[in-house]
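Lettering of chains follows the sequences in order, A, B, ..., and the numbering in each one begins at 1.
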There are 2 protein chains.
Amino acid sequence: MALTQTLDRKGQIQAAAQNLFRERGFAATSMRDLAKAVGIEPASLYSHITSKESILREICFHMADQFFEQLDQIDGQANPAEQLKQAIIGHISVIRKNYDASAVFLHEWRFLEEPNLGRFKSLRRDYEQRFRAILEAGQAAGQFRQMNMKIVLPTLFSSMNWAYEHVKPATLLPPEEVGETIWRLFVQGLEHK
Amino acid sequence: MALTQTLDRKGQIQAAAQNLFRERGFAATSMRDLAKAVGIEPASLYSHITSKESILREICFHMADQFFEQLDQIDGQANPAEQLKQAIIGHISVIRKNYDASAVFLHEWRFLEEPNLGRFKSLRRDYEQRFRAILEAGQAAGQFRQMNMKIVLPTLFSSMNWAYEHVKPATLLPPEEVGETIWRLFVQGLEHK
DNA sequence: CCTACCGATCGGTAGG
DNA sequence: CCTACCGATCGGTAGG
């Protein structure tokens, strides 16, 4: 919401929606709440957006785009552990740059309607597979232990995704510190060698 | 919902609410939805419950009770790594025994009203502190490395709490396997020694 | 546990 | 971007 005054009306609506959807959830946020936050009449929202769901759709798919862009920037020549480190820090950085939107992306996507819901799930699956490929490359290279991917992969994502909650933006730890710590924990474990 | 037919009406309402709140969220579930699931008229719900929020309250605090009970059963004489293992497996077991309710506990608690909301947050903080104490005991004993607890603790909880999602009940891995794998990952890490 | 109903609020449209 | 408004639905109560 900090940059609201520099955005056009459509951008203001998106920013206000991200904040409200994050704080109250999609279902508990009314178009009247949203209009009030923007400072216009409820009906005027529909000059800029087509439906409540269309706002959610833009938030979710814009976040998905950013997560994929980040993945495309990691060093394909690095070893798996290093690639994993870059992917983890990148993922957390995207969350941090989109404090409200990432919470919506993570929690409110289920209110998407078909066919958007199906497309969203498909993108998310693709993204998870990219991480899985890194982990499996590490196993193939003998760097990582053989562990059940059905457990390891969701554990990794859960570990990365808490970053949006628990802590307010002002007191946030730097994404690099969070990412490095999670990576070290994940790769080396808590126990002394 | 499997045992609905053996429950009294109040229990049926609770079971149906857990399922609906899990699938659609608290805000998006109407009392009419709930009544339909139970097979009575909407107004009849109020013979057994006082408000929509009171159902949520019972779910959340009943789950909290179970999490604490589980913690009280771990072996206080064991070393920190072993205590951690028992606590993790116990936590995941509670989630597994309450498939619908645990999702509600984890995601819908924010729709609690004061003073319940405050009480809930306080209980959750206490619970987290119990885990923190185990981790710090491990550090004090030289068994665990010094790491930023502000990162390690939420990472641990996130890792444990994914268990309620991603996977349908029928295909669930045994809680012991999930718990042991997460514990090993958390303590030893992914990398070969 | 039901019928009947309350005032409030919902997402969205018509028409300018 | 506004005024005016639509039909549908909301959580909950009265009274039996």
Side-chain angles (χ1 to χ4, degrees), chain A residues 4-61 104 107-117, chain B residues 4-61 104 107-117:
Chain A
T4 296
Q5 63 278 12
T6 69
L7 301 172
D8 62 9
R9 190 68 356 137
K10 175 80 180 286
Q12 288 174 33
I13 293 171
Q14 289 287 339
Q18 285 167 15
N19 185 254
L20 287 167
F21 291 172
R22 173 185 204 280
E23 289 193 347
R24 309 181 192 181
F26 177 78
T29 300
S30 72
M31 298 305 275
R32 285 158 179 83
D33 293 334
L34 180 54
K36 196 171 189 178
V38 175
I40 59 178
E41 293 300 315
S44 304
L45 291 169
Y46 292 89
S47 302
H48 303 95
I49 54 104
T50 60
S51 69
K52 188 183 178 186
E53 197 246 5
S54 73
I55 305 176
L56 180 64
R57 190 190 319 152
E58 289 198 30
I59 296 170
C60 289
F61 286 96
V104 175
H107 270 150
E108 309 299 327
W109 59 266
R110 61 176 165 162
F111 295 104
L112 289 171
E113 296 162 14
E114 295 296 355
N116 303 313
L117 182 60
Chain B
T4 295
Q5 64 278 14
T6 68
L7 300 172
D8 62 9
R9 198 45 25 125
K10 174 79 181 285
Q12 288 176 31
I13 293 171
Q14 288 287 337
Q18 286 167 16
N19 186 253
L20 288 168
F21 290 172
R22 172 183 206 279
E23 288 194 347
R24 310 182 190 179
F26 177 78
T29 300
S30 73
M31 297 305 275
R32 283 157 180 85
D33 293 333
L34 179 55
K36 195 170 191 178
V38 175
I40 58 178
E41 293 301 314
S44 303
L45 291 170
Y46 293 89
S47 301
H48 303 96
I49 53 104
T50 60
S51 68
K52 190 183 178 187
E53 197 247 5
S54 74
I55 305 175
L56 181 62
R57 190 190 319 152
E58 289 198 32
I59 297 171
C60 288
F61 286 97
V104 176
H107 271 151
E108 309 300 326
W109 58 268
R110 60 178 166 161
F111 295 104
L112 289 170
E113 296 162 14
E114 296 294 356
N116 302 315
L117 182 58

- Message: Counting C-beta onward and ignoring hydrogens, is there a side-chain heavy-atom pair between B/Leu117 and B/Trp109 closer than 4.5 Å?
- Response: yes
- Are the side chains of A/Arg9 and A/Val38 in touch, meaning some heavy atoms are under 4.5 Å apart? yes
- Kindly say if A/Ser47 contacts the phosphate of D/dC1, meaning a side-chain N or O under 4.0 Å from OP1 or OP2. no
Report, one pair per line, the protein and nucleotides 10-14 of chain C atoms (nitrogen or oxygen only) whose separation is under 3.5 Å.
unit_1 : atom_1 : unit_2  : atom_2 : d
C/dC10 : OP1    : A/Ser30 : OG     : 3.2
C/dG11 : OP1    : A/Thr29 : O      : 3.3
C/dG11 : OP1    : A/Lys52 : NZ     : 2.9
C/dG11 : OP2    : A/Met31 : N      : 2.7
C/dG11 : N7     : A/Arg32 : NH1    : 2.8
C/dG11 : O6     : A/Arg32 : NH2    : 2.9
C/dG12 : OP2    : A/Tyr46 : OH     : 3.0
C/dG12 : OP2    : A/Lys52 : N      : 2.9

Please report the interatomic distance [atom1]([X]) to [atom2]([Y]), rounded to the nearest 0.5 Å.
X       : Y        : atom1 : atom2 : answer
A/Arg57 : A/Glu113 : CZ    : CD    : 8.0 Å
A/Ile49 : A/Leu34  : CD1   : CG    : 7.5 Å
A/Ile55 : A/Met31  : CD1   : CE    : 4.5 Å

- Query: Separation of A/Lys10 atom NZ from D/dC1 atom P, in whole Å?
  - Reply: 13 Å
- Message: Please report the distance, rounded to the nearest Å, between CD in A/Glu41 and C1' in D/dA4.
- Response: 11 Å
- Item | Closest heavy-atom pair and its distance - A/Glu108, A/Gly25 | OE2-CA, 3.6 Å
- Of all heavy-atom pairs linking B/Lys52 and B/Ala27, the shortest is NZ-O, 3.9 Å
- Give the stems involving DNA chain C, where a stem is 3 or more consecutive Watson-Crick or G-U wobble pairs (i with j, i+1 with j-1, and so on) under 3.5 Å. C:1-16 with D:1-16
- Non-neighbouring partners of A/Glu58 that pass side-chain contact (heavy atoms from CB on, under 4.5 Å), sequence neighbours left out: A/Lys10, A/Gln14
